[in-house]
J.: 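Right, I'll just put the structure down here and ask away after.
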Amino acid sequence: MYIIIVGAGRIGTPLIDLATGSGHEVVVIETDKVAADRIADEYDCIVINADATRMSTLDDADVDEADALISTTDRDATNVMVCLLAKKREVPAVVSVVHDPDHMDLFKEIGISTMENPSRLIAEHLFRAVVRPSIVDYMRIGEAAEVFEITIDEDAPIAGKTIREAAADGTLQGEVLIVAVERGEDEPVTPQGNTPLRPGDLLTVYSAEGATPDVTDIFGHYED
């Protein structure tokens, strides 16, 4: 892919590392000369030390040939402007970081794919690791729903039952679905009604209400 990355700061730099390391053709646009020189020295990519909110700069970056543009600056106003210009030139994939949650709707209204402030996301993950230690990993879906990974404890209400049995006796409610089971070195499997659930299994679970204590109790994690 040919990717234009706008911004070479704390968000843009790891992105540049990933994109160049994966063999993609990358052009970086950065207004700060020191940061631009640093990226040019460290990575195999083209670096343009200019203002990406100017169409002439995007033309210098061959925006019409780009498969994607990702704007990572620390100012939402700048990111909006850059993305609007990219949309005008019909770049297939336009993505931006959004720092202020109040601006999220604006980005979505103009058809820009967004990523919430990564610092906030990191903080949420760290907080979850402290207050909900049983959750191995999770992803928020909408306002409340979550997909998360959790192991089955020895004394879990669901341990030793099949999914069909757990659903029949009310252990598993309709808003909680087990979507994958990992057991030892085996590959993850998509569970069926007769799939047994054993202590130590790592489950991928969807819950419409999120990983609340009532939900994690099902898997024997009463400390959360």
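For reference, positions follow the sequence shown, starting with 1.
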J.: So T190 and V179, side-chain contact (heavy atoms from CB on, under 4.5 Å) or not? Walk me through it.
T.: CA-CA 6 Å; T190 301; V179 297; over 6 Å; no

J.: Give the minimum heavy-atom separation between D32 and N49, together with the two atoms involved.
T.: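 Residues D32 and N49, closest heavy atoms: C-ND2, 3.8 Å.
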
J.: Which distance, rounded to the nearest 0.5 Å, do you find between the CD1 of I112 and the SG of C83?
T.: 4.0 Å

J.: With rounding to the nearest 0.5 Å, note down the distance linking CG in L177 to OG1 in T204.
T.: 12.5 Å

J.: Evaluate the side-chain proximity of V27 to I5: yes if any heavy-atom separation is below 4.5 Å, no if none is.
T.: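 Result no, sub-4.5 Å side-chain heavy-atom pair not found.
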
J.: Group every Ile, Leu, Val, Met, Phe, Trp and Tyr by side-chain heavy-atom contacts under 4.5 Å, then state whether V95 and M104 land in the same group.
T.: no

J.: Within the distance-only criterion (no hydrogens, no angle test), does the side chain of T73 pair as donor or acceptor with the backbone N or O of R75 below 3.5 angstrom?
T.: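 Looks like yes, one N/O pair under 3.5 Å.
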
J.: Just checking, is any N or O donor in the side chain of H99 or D76 under 3.5 Å from an acceptor N or O on the other one?
T.: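 There is no such pair between these side chains.
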
J.: Could you state the interatomic distance from NZ (K88) to CG (L85), rounded to the nearest 0.5 Å?
T.: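 Answer for the NZ-CG pair, K88 versus L85, is 7.5 Å.
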
J.: Using side-chain heavy atoms (C-beta onward) and a distance below 4.5 Å, is D59 in contact with R89?
T.: yes

J.: Say you draw a straight line from CZ of R54 to CG of D60; how long is it, rounded to the nearest 0.5 Å?
T.: 12.0 Å

J.: Just by modelled atom types, is the V34 backbone N or O under 3.5 Å from a matching donor or acceptor in the D37 side chain?
T.: no

J.: May I ask you to test the I178-I158 pair for a side-chain heavy-atom distance under 4.5 Å?
T.: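 Touching, per the 4.5 Å side-chain cut-off.
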
J.: Please report the C-alpha distance between V205 and F219 in whole Å, then the side-chain angles of each, then the deciding distance to 0.1 Å, and finally whether the side-chain contact (heavy atoms from CB on, under 4.5 Å) criterion is met.
T.: CA-CA 11 Å; V205 179; F219 309 100; 3.8 Å; yes

J.: Which atoms form the tightest heavy-atom contact between E30 and A35, and what is the distance?
T.: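 Smallest interatomic distance, heavy atoms only, reads CG-CB, 3.8 Å.
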
J.: Check I218 against T171 and note the closest heavy-atom contact, atom names and distance.
T.: CD1-O, 3.4 Å

J.: Using modelled atom types only, decide if a donor and an acceptor are shared between the side chain of H221 and the backbone of A156 within a distance under 3.5 Å.
T.: no

J.: Quick one: does T195's side chain have a donor or acceptor within less than 3.5 Å of a partner on Q192's backbone?
T.: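 Indeed, once roles are kept as given, a pair shorter than 3.5 Å links the two residues.
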
J.: Tell me, do F148 and V215 make a side-chain contact under 4.5 Å, heavy atoms counted?
T.: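 Heavy-atom side-chain distance check passes, below 4.5 Å.
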
J.: Could you give me the CA-CA distance, side-chain angles and deciding distance for F107 and N79, then say whether side-chain contact (heavy atoms from CB on, under 4.5 Å) is met?
T.: CA-CA 9 Å; F107 281 82; N79 292 332; 4.2 Å; yes

J.: Before you tell me yes or no, could you show the steps for D74 and R10 under salt bridge (Lys or Arg N to Asp or Glu O under 4.0 Å), namely the whole-Å CA-CA distance, both residues' side-chain angles and the distance that decides it to 0.1 Å?
T.: CA-CA 9 Å; D74 58 5; R10 59 186 176 81; over 6 Å; no

J.: Test your reading of the model: is there a side-chain donor-acceptor pair from D100 to the backbone of D102, 3.5 Å cut-off?
T.: yes

J.: Please find the pair of heavy atoms, one from I70 and one from I3, that lie closest to each other, and give the distance.
T.: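 Looking at all heavy atoms of both residues, the closest pair is CD1-CG2, 4.2 Å.
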
J.: Is any side-chain heavy atom of I39 less than 4.5 Å from a side-chain heavy atom of I16?
T.: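 Yes, at least one pair of side-chain atoms sits under 4.5 Å.
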
J.: Is the backbone of A8 close enough, under 3.5 Å, to the side chain of T13 for a donor and an acceptor to pair up by distance?
T.: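 Confirmed, T13 side chain pairs with A8 backbone.
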
J.: Keeping Q173 on the side-chain end and G170 on the backbone end, is there a donor-acceptor pair under 3.5 Å?
T.: yes

J.: Answer whether the closest heavy-atom distance between the side chains of V176 and Y206 falls below 4.5 Å.
T.: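 No. Closest side-chain heavy atoms not under 4.5 Å.
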
J.: Between L202 and E149, is a side-chain contact (heavy atoms from CB on, under 4.5 Å) present by the stated rule, with each step listed?
T.: CA-CA 7 Å; L202 176 63; E149 292 184 339; 4.0 Å; yes

J.: Salt bridge (charged side-chain N to carboxylate O under 4.0 Å, His left out): which pairs involve residues 152-166, sequence neighbours left out?
T.: K161-D169

J.: Are Y2 and L18 connected in a single hydrophobic cluster, I mean Ile/Leu/Val/Met/Phe/Trp/Tyr linked by side-chain heavy atoms less than 4.5 Å apart?
T.: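 No; Y2 is not reachable from L18 via cluster members.
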
J.: Could you check whether D51 and T57, counting side-chain N and O atoms only, form a donor-acceptor pair closer than 3.5 Å?
T.: no

J.: I'd like to check T72 versus L15 (side-chain heavy atoms, cut-off strictly below 4.5 Å). Are they in contact?
T.: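 Sidechains of L15 and T72: in contact.
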
J.: Cut-off 3.5 Å, side chains only: do T212 and E209 have a donor facing an acceptor?
T.: yes

J.: Taking a hydrophobic cluster as the set of Ile, Leu, Val, Met, Phe, Trp and Tyr residues connected by side-chain heavy atoms closer than 4.5 Å, whether directly or through intermediates, do V98 and V6 fall within one such cluster?
T.: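 The answer is yes; both residues are in one hydrophobic cluster.
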
J.: Can you name the closest pair of heavy atoms from M1 and A68 and give their distance?
T.: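 For M1 versus A68, the nearest heavy atoms are CE-CB, 4.0 Å.
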
J.: To the closest 0.5 Å, what do you measure between CD (E90) and CG (D64)?
T.: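 E90 atom CD to D64 atom CG measures 9.0 Å (nearest 0.5 Å).
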
J.: Please answer: with hydrophobic residues joined when any side-chain heavy atoms are less than 4.5 Å apart, are Y43 and I4 in the same cluster?
T.: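 Per the 4.5 Å side-chain linkage, Y43 and I4 are not co-clustered.
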
J.: Treating Ile, Leu, Val, Met, Phe, Trp and Tyr as nodes and any side-chain heavy-atom pair under 4.5 angstrom as an edge, say whether L84 and L69 lie in one connected cluster.
T.: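 Result: yes, single cluster for both.
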
J.: For T53 and V82, work out which heavy atoms get closest and say how close.
T.: CG2-CG2, 3.9 Å

J.: Hey, is CD on E175 packed in by over 12 heavy atoms from elsewhere, all under 6.0 Å?
T.: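 No, CD of E175 has 12 or fewer neighbouring heavy atoms, counting only those of other groups under 6.0 Å.
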
J.: Would you mind reporting whether K108 and T114 have side-chain heavy atoms less than 4.5 Å apart?
T.: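 Side-chain contact under 4.5 Å: yes.
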
